[in-house]
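First the structure, in the form of structure tokens, and then the observations on it.
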Amino acid sequence: MKKKITILAIETSCDETAAAVIKSGDKWPEILSNIVSSQVDLHAKTGGVVPEVASRAHMESVIPVIEEALSTAKTKIDDITHIAVTAGPGLIGSLLVGFNAAKALSYSRNLPLVPINHIEGHIYSAAVNAKQELENKSPNDGKFPILALTVSGGHSSLTLVEDHQKYRTLGETIDDAAGEAFDKVAKLLDLGYPGGPEVSKLAANFRQSARKTKIEFPRPLIKKPNYNFSFSGLKTAVLTEVKKNSADSVARKEEICFAFEEAVVDVLATKTLRAARKYRPMGLVLAGGVAANRCLQEGLKYRIEKYNSEVEEKYRMNFYLPGPGMSGDNAAMIGLAAYWHVLDGDIKKNFEVKVDSNLSLVNS
Ligand code: KG4
Ligand code: ZN
């Protein structure tokens, strides 16, 4: 009989303290609990994450959040078989809090530790929805690769997932992340923190009003024959527009948010579909905090439908989004990614693992 796996996963790489319990299911793992304690209110006061403040808040919440994850899952610590934890990338002071809690539990309970790359976790938050197709039910034969666009406050990357735990980074941002650009534009327009949802809301108001705009923000790197992104120039273009014509009225803010969001979505979707044409993935995963953006979801959906109507049936792509509460940082995604490492015996002793704030996703 297959041995039961019950993973306690911990994530503290940025400004959410999170813990989750994942159990082996029939074939794919099941999420028993997914607890997130957000620091958003704390960072709203400063208009962004202050690393020192974030790590202090993690220290206060990490034990209660772990306890809540266990009690919600109706699981005792004695039932846990593995501890999974985010080992990077992220803010070093934040990462260390979850990491040390995981190491202490692993040491005191003599449990194996599974260090997980945060981006790998984000990818699994949506890739878990590909389980049916990966079990050979898709027109595309249910085979890897999957293409993953991970867009959050800290990262923007296109990854080719060639198999569980086999990753090829096709491109990354060379400066700001997509979510960071949303947050900076929100700050410029005095819209509060985190900025993504608010910018998106104002852009939607503009779209619904059927007004027209003459603002055409740049599409950085869109024509470059690579899969890298750049968003800092776009933020500067917004600043120039605000200085030139001001942005005092709600109507002007809506117009600027709309033009900005269109530019971001155009760049992300164009590069993603270009990669799809080259690598012919069975599906696209959209993950990370910015995956909650409706305009990005719709833009990708529209282009995938067009792509699917143009390619042979065997090349048609599915589209996977994170489930409810799974697009922002959470620990269930870390536990899901860890499950495949555990199946492969890729586990560590607590003294063998290291935290790395710049950890890259190379066959991790
Ligand atoms: O994945 P996440 O929770 O944390 C990081 O790993 O960074 O992503 C947070 C980011 C923030 O920059 C936030 O503004 C952005 O995701 N975000 C959005 C939306 N919801 C959250 N950006 C655009 N549209 C949204 N609806
Ligand atoms: Zn994240």
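Counting starts at 1 for both ligands and their atoms, following the listed order.
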query = Can you tell me which residue and heavy atom of the protein come closest to atom 9 (C) of ligand 1, and the distance to 0.1 Å?
reply = Gly153 N, 3.7 Å

task = Confirm or rule out an N/O/S atom of His118, from backbone or side chain, lying less than 2.8 Å from the Zn ion (ligand 2).
result = yes

task = Find all atoms of ligand 1 within a distance of less than 4.0 Å from any non-hydrogen atom belonging to Pro197, and give their numbers and elements.
result = 19 (C), 20 (N), 21 (C), 25 (C), 26 (N)

ask   = Ignoring hydrogens and geometry, is there a side-chain-to-backbone donor-acceptor pair from Asn308 to Met317 under 3.5 Å?
value = yes

task = Looking only at protein heavy atoms, identify the closest one to atom 2 (P) of ligand 1 and say how far it is in Å.
result = Asp329 OD1, 3.6 Å

ask   = Which of these, Asn293, Asn330, Val290, has its nearest heavy atom closest to atom 15 (C) of ligand 1?
value = Val290

request  = Classify the angle between the aromatic ring planes of Tyr193 and His43 as parallel (below 30°), tilted (30 to 60°) or perpendicular (above 60°).
outcome  = perpendicular

inquiry  = I need the atoms of ligand 1 closer than 4.0 Å to a non-hydrogen atom of His118, numbered in the order shown.
reply    = 6 (O)

Gly328 neighbourhood, listing ligand 1 atoms whose heavy-atom distance to it stays under 4.0 Å = 3 (O)

message = Looking at ligand 1, is there an atom of it that comes within less than 4.0 Å of some heavy atom belonging to Cys14?
response = no

Identity and distance of the protein heavy atom lying nearest atom 18 (C) of ligand 1 = Gly196 CA, 3.5 Å

query = For ligand 1, which atoms, with element, lie under 4.0 Å from some heavy atom of Gly154?
reply = 7 (O)

key: Aromatic centroids of His118 and His155 separated by under 6.0 Å   = yes

ask   = So, Thr12 versus His58: side-chain donor-acceptor pair below 3.5 Å or not?
value = no

inquiry  = Among Leu268, Asp175, Asp176, exactly one meets side-chain contact (heavy atoms from CB on, under 4.5 Å) together with Phe229. Which residue is that?
reply    = Leu268

ask   = Hey, are the side chains of Thr169 and Glu172 touching, using non-hydrogen atoms and a 4.5 Å cut-off?
value = yes

key: Proximal atoms of ligand 1 relative to Ala292 (non-hydrogen, under 4.0 Å)   = 26 (N)

inquiry  = Checking side chain to side chain donor-acceptor pair (under 3.5 Å) between His122 and each of Thr159, Asp329, Asn117, which is the one that passes?
reply    = Asp329

key: Numbered atoms and elements of ligand 1 in range of His122, under 4.0 angstrom, heavy atoms   = 1 (O), 6 (O)

ask   = What atoms of ligand 1 come within less than 4.0 Å of a heavy atom belonging to Gly289?
value = 1 (O), 2 (P), 8 (O), 16 (O), 17 (N), 18 (C), 19 (C), 20 (N), 21 (C)

request  = Could you tell me whether a side-chain N or O of Ser156 sits under 3.5 Å from a main-chain N or O of Ala177, the two making a donor and an acceptor?
outcome  = no

key: Near-ring test Phe260/Phe182, centroid separation under 6.0 angstrom   = yes

note = Per residue Asp329, nearest N, O or S atom to the Zn ion (ligand 2) is named OD1

message = Quick check on the 6.0 Å ring-centre criterion: do His164 and Phe144 meet it?
response = yes

Enumerated ligand 1 atoms positioned under 4.0 Å from heavy atoms of Gly179 = 12 (O)

remark   = atom 11 (C) of ligand 1 has as its nearest protein heavy atom Asp183 OD2, 3.6 Å

request  = Mark yes or no for whether Asp79, through its side chain, and Lys76, through its backbone, hold a donor-acceptor pair below 3.5 Å.
outcome  = yes

query = Is the Zn ion (ligand 2) under 2.8 Å from any N, O or S atom of His122?
reply = yes

